[in-house]
Amino acid sequence: MKKIWTAGMAFILTVGLLAGCSGGNGNSQEATGGSQGGSSSSEGNAEGGGGTEQVTLKMPVLPDDLEAFKAAYAVFQKENPDIAIEFETYPQKQYYEKLRLQLSGGADYDLFAGNLDVMLDTGILEPLDGYLKDNNTDMSGYGVLLDSMKINGHTYGLPYRKSNWMLYYNKTLFDEYNVPYPSEDMTWEEFRELAKAMTHGSGADKVYGAYMQQWPQTWYMQAVQKGSTIIDKDLSEFKNALQLRMDMEQEGSIMSWSEQKSTGAHYNAAFQKGNVAMNLIGDWHVAQLRQAEDEGKIDFDWDVVPIPHPEGVSANTSLALPVTLMINKNSKHKEAAFKAVAFMTGAQGAEVFASRGYLTGFTNEEIKKAYIGEGSRKPANLHYFLEQREYPEYPMLPGVKNIIVGQIYTQEGELALAGEQTAEQAIKRIEERIQAEWANKYGEDFQTK
C-alpha cells in the first residue's frame with residue numbers, strides 16, 4: 001500500500017516565514033529580449049500577439065546555472081524582441097532561504113528556478129496546465145519524469161535540468177589487478193562481489209572496491225529502482241537495501257560511515273586520490289573529473305557504467321532529481337513568464353543547456369548530440385546517461401527532502417551503520433517517524449490507497 005497526495009495539496013497552507021523586503025536583494029544581471037506567445041489569458045498585446053510594449057521579467061536562478069540561462073536567453077531574445085529578463089541569484093547554500101523570504105515579502109519575481117518540492121508549500125506557484133494546453137506546448141521530450149512531478153494531476157513547473165546517478169570506475173586500477181571492468185548490466189549482489197575482488201591492502205594505502213557517500217540515497221536507491229517510494233506505508237523493500245550497505249562495510253570493501261564522518265571523507269577527493277575502484281555518484285561528477293584532468297590532478301583512466309540494479313529490474317534504471325522553472329501566481333506578466341519557461345525548458349533551451357554539460361529535462365536527438373559533444377573527452381560511455389529509465393529520487397512534495405530524507409532516513413540509517421540498531425529496526429523506525437513527523441503534519445492532504 002502506498003501513500004499519495006489528495007486534492008487538498010499544500011497550496012492552501014501558509015508559510016511561517018519572516019517578512020522580507022519587497023524587492024530582490026540578490027546579485028542582479030539583466031538581459032533584454034522578446035515577446036510572449038499565445039496563451040488564452042487576457043494580459044494584453046504587450047505580452048505577445050503583436051504588441052510593442054517592453055515587458056521585463058524578474059527571474060532568480062541557482063548560481064551554478066546563471067551562465068547557462070544567459071546563454072539560452074541570447075537565443076530566446078532573437079525570437080522574442082519585446083521581453084527583457086533580469087536575472088538574479090543568491091549564494092547556493094542560502095538560495096532557497098532567501099528566495100522564499102523574498103517571495104513571502106511580496107518580491108515581484110515573475111518566475112524562478114529550483115526544486116519544486118521546496119517551493120510547493122509557499123502557495124505561490126501558478127498552475128501551468130492551461131498554458132500548456134492553450135499553447136499546444138510540445139511535451140514529448142519530457143518523458144515519464146514530468147508525470148512524476150505532477151501534484152494531484154496538475155503541473156506546477158517544467159524541468160530544465162536533472163541529476164541522475166551513475167557508477168564511475170577507475171579503469172587503471174581494474175587493469176592493474178587484472179579484473180574485468182564493471183558490466184553495464186550488473187545486479188547489486190554482483191556489484192558487492194566485484195567490490196570485494198577490487199579491495200586490497202590496508203591503512204593509508206588501502207584500495208577500496210567502491211565508495212558510497214554518506215547520503216541515504218546511496219542505499220535506498222535499490223528499493224526505489226523497484227518502483228517503491230520513500231514515503232510508502234510499507235517500506236519492507238528498503239530493509240535489504242540498507243542491509244547491503246551494512247554488509248559491504250563489514251566486509252571492508254567500502255569505507256565505513258563512521259570513518260567517513262571522522263575523517264571528513266568526500267566522494268570526489270576519495271575517487272581522485274586513485275585508490276577507489278568504483279564510485280556511486282551523480283552526473284555532476286563528470287565535470288569534477290574533467291576539471292581535475294585539466295588541472296593535472298589525476299592521470300588515471302576512467303569511465304562510467306549504469307548503477308547496479310536489483311534482480312528483475314532492467315539495466316540502467318536510475319534515480320533522477322529534476323530542477324524546474326516555476327511561475328509566481330502573483331506575477332503581472334504570467335503570459336510572458338510562460339513563454340520564457342516553455343523556451344528555457346523546451347527543445348531550444350535544452351539544447352543550450354546540454355551543450356554545456358547539463359542533463360536536461362527535455363530530450364530529443366539533437367539535444368543528445370549536444371550533450372555528447374564531439375566525443376573527445378572522457379567518459380567514453382557518456383551515452384548511458386541518455387538511455388536511463390528513471391524513477392524520482394524522492395516524491396516532489398513539501399517536507400520530503402528536509403524532513404524525510406534529511407532527517408528521518410539519514411538519522412535512522414546512520415544509527416544502523418553505527419551498529420546501534422539492525423536494518424529491520426531502522427526501517428520500522430523510519431515508518432513510524434514518517435507518520436509522526438511528516439504525514440501527521442500534512443494529514444489533510446495525505447491518504448492511503
Side-chain angles (χ1 to χ4, degrees), residues 33-34 37 59 61-62 64-80 85 111 113-116 128 131-132 135-150 155 157-166 184 282-287 289-290 303-307 316-326 338-393:
M59 180 179 175
V61 300
L62 291 154
D64 289 347
D65 300 340
L66 177 60
E67 293 305 315
F69 272 114
K70 290 166 65 178
Y73 185 76
V75 181
F76 175 83
Q77 67 177 339
K78 294 177 183 179
E79 299 183 10
N80 301 276
I85 297 182
L111 66 163
N115 291 119
L116 177 65
L128 303 183
Y131 300 93
L132 295 168
N135 287 280
N136 295 314
T137 305
D138 179 10
M139 308 294 285
S140 61
Y142 295 109
V144 298
L145 186 63
L146 186 61
D147 289 335
S148 72
M149 296 170 55
K150 289 183 178 180
T155 301
L158 295 178
Y160 65 92
R161 67 172 173 89
K162 59 187 177 184
S163 294
N164 288 25
W165 291 76
M166 193 63 68
E184 65 178 14
D283 63 284
W284 58 88
H285 197 37
V286 170
L289 293 177
R290 286 176 174 177
D303 206 346
V304 297
V305 292
I307 63 174
N316 207 5
T317 297
S318 188
L319 276 61
L321 184 63
V323 186
T324 62
L325 287 183
M326 297 155 275
F338 178 76
K339 183 74 171 181
V341 168
F343 184 93
M344 297 291 184
T345 66
Q348 291 174 280
E351 189 168 347
V352 175
F353 275 87
S355 69
R356 290 172 166 259
Y358 288 85
L359 274 177
T360 55
F362 191 101
T363 303
N364 60 27
E365 290 305 314
E366 292 304 312
I367 294 166
K368 291 178 180 179
K369 291 177 183 177
Y371 180 72
I372 296 297
E374 79 284 359
S376 63
R377 298 296 303 266
K378 297 172 189 171
N381 287 306
L382 187 65
H383 63 90
Y384 285 129
F385 282 108
L386 303 173
E387 301 163 0
Q388 293 179 320
R389 178 187 181 191
E390 301 168 335
Y391 285 107
E393 190 170 297

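These numbers come from a predicted model, not from an experiment. The basis for the numbers below is simple: all heavy atoms, side chains too, and nothing from hydrogens, waters or symmetry mates.
- Side chains of Asp138 and Ser140: a donor-acceptor N/O pair is present below 3.5 angstrom, by distance only.
- The side-chain heavy atoms of Arg290 and Pro379, taken from C-beta on, include a pair separated by under 4.5 Å.
- Residue pairs that meet the salt bridge (charged side-chain N to carboxylate O under 4.0 Å, His left out) test with at least one member in residues 349-365, sequence neighbours left out, are Glu365-Lys368.
- Atom-to-atom distance recorded for Asp64:CG and Arg161:CZ is 7.5 Å, nearest 0.5 angstrom.
- Rounded to the nearest 0.5 Å, atoms CZ (Phe338) and CG (Leu132) are 4.5 Å apart.
- A distance-only check finds no donor-acceptor pair linking the side chain of Asn364 to the backbone of Gly141 [under 3.5 Å].
- Residues His285 and Asp283 bring no donor and acceptor atom of their side chains to less than 3.5 Å of each other.
- Contacts of Phe69 classified as ring-ring contact (aromatic ring centres under 6.0 Å, His included), with partners at least two apart in sequence or in another chain: Tyr160, Phe353.
- Between the side chains of Asn164 and Gln388, a donor-acceptor pair is found at a separation under 3.5 Å.
- Atoms NZ and CZ, from Lys162 and Phe385 in turn, are 11.0 Å apart once rounded to the nearest 0.5 Å.
- Distance check: Ser148 OG to Glu390 CD gives 8.5 Å after rounding to the nearest 0.5 Å.
- Between the side chain of Thr324 and the main chain of Gly114, a donor-acceptor pair closer than 3.5 Å is present.
- Using a 4.5 Å heavy-atom threshold, the side chains of Gln348 and Phe76 count as separate.
- Under the 3.5 Å distance criterion, the side-chain polar atoms of Thr317 are left unmatched by any main-chain donor or acceptor of Arg389.
- Asp303 places a side-chain N or O within 3.5 Å of a backbone atom of Asn381 that can act as its donor or acceptor partner.
- Atom CZ of Phe343 is separated from atom CG of Leu158 by 14.0 Å, given to the nearest 0.5 angstrom.
- Between atom OH of residue Tyr384 and atom CE of residue Met166 there is a gap of 8.5 Å, rounded to the nearest 0.5 Å.
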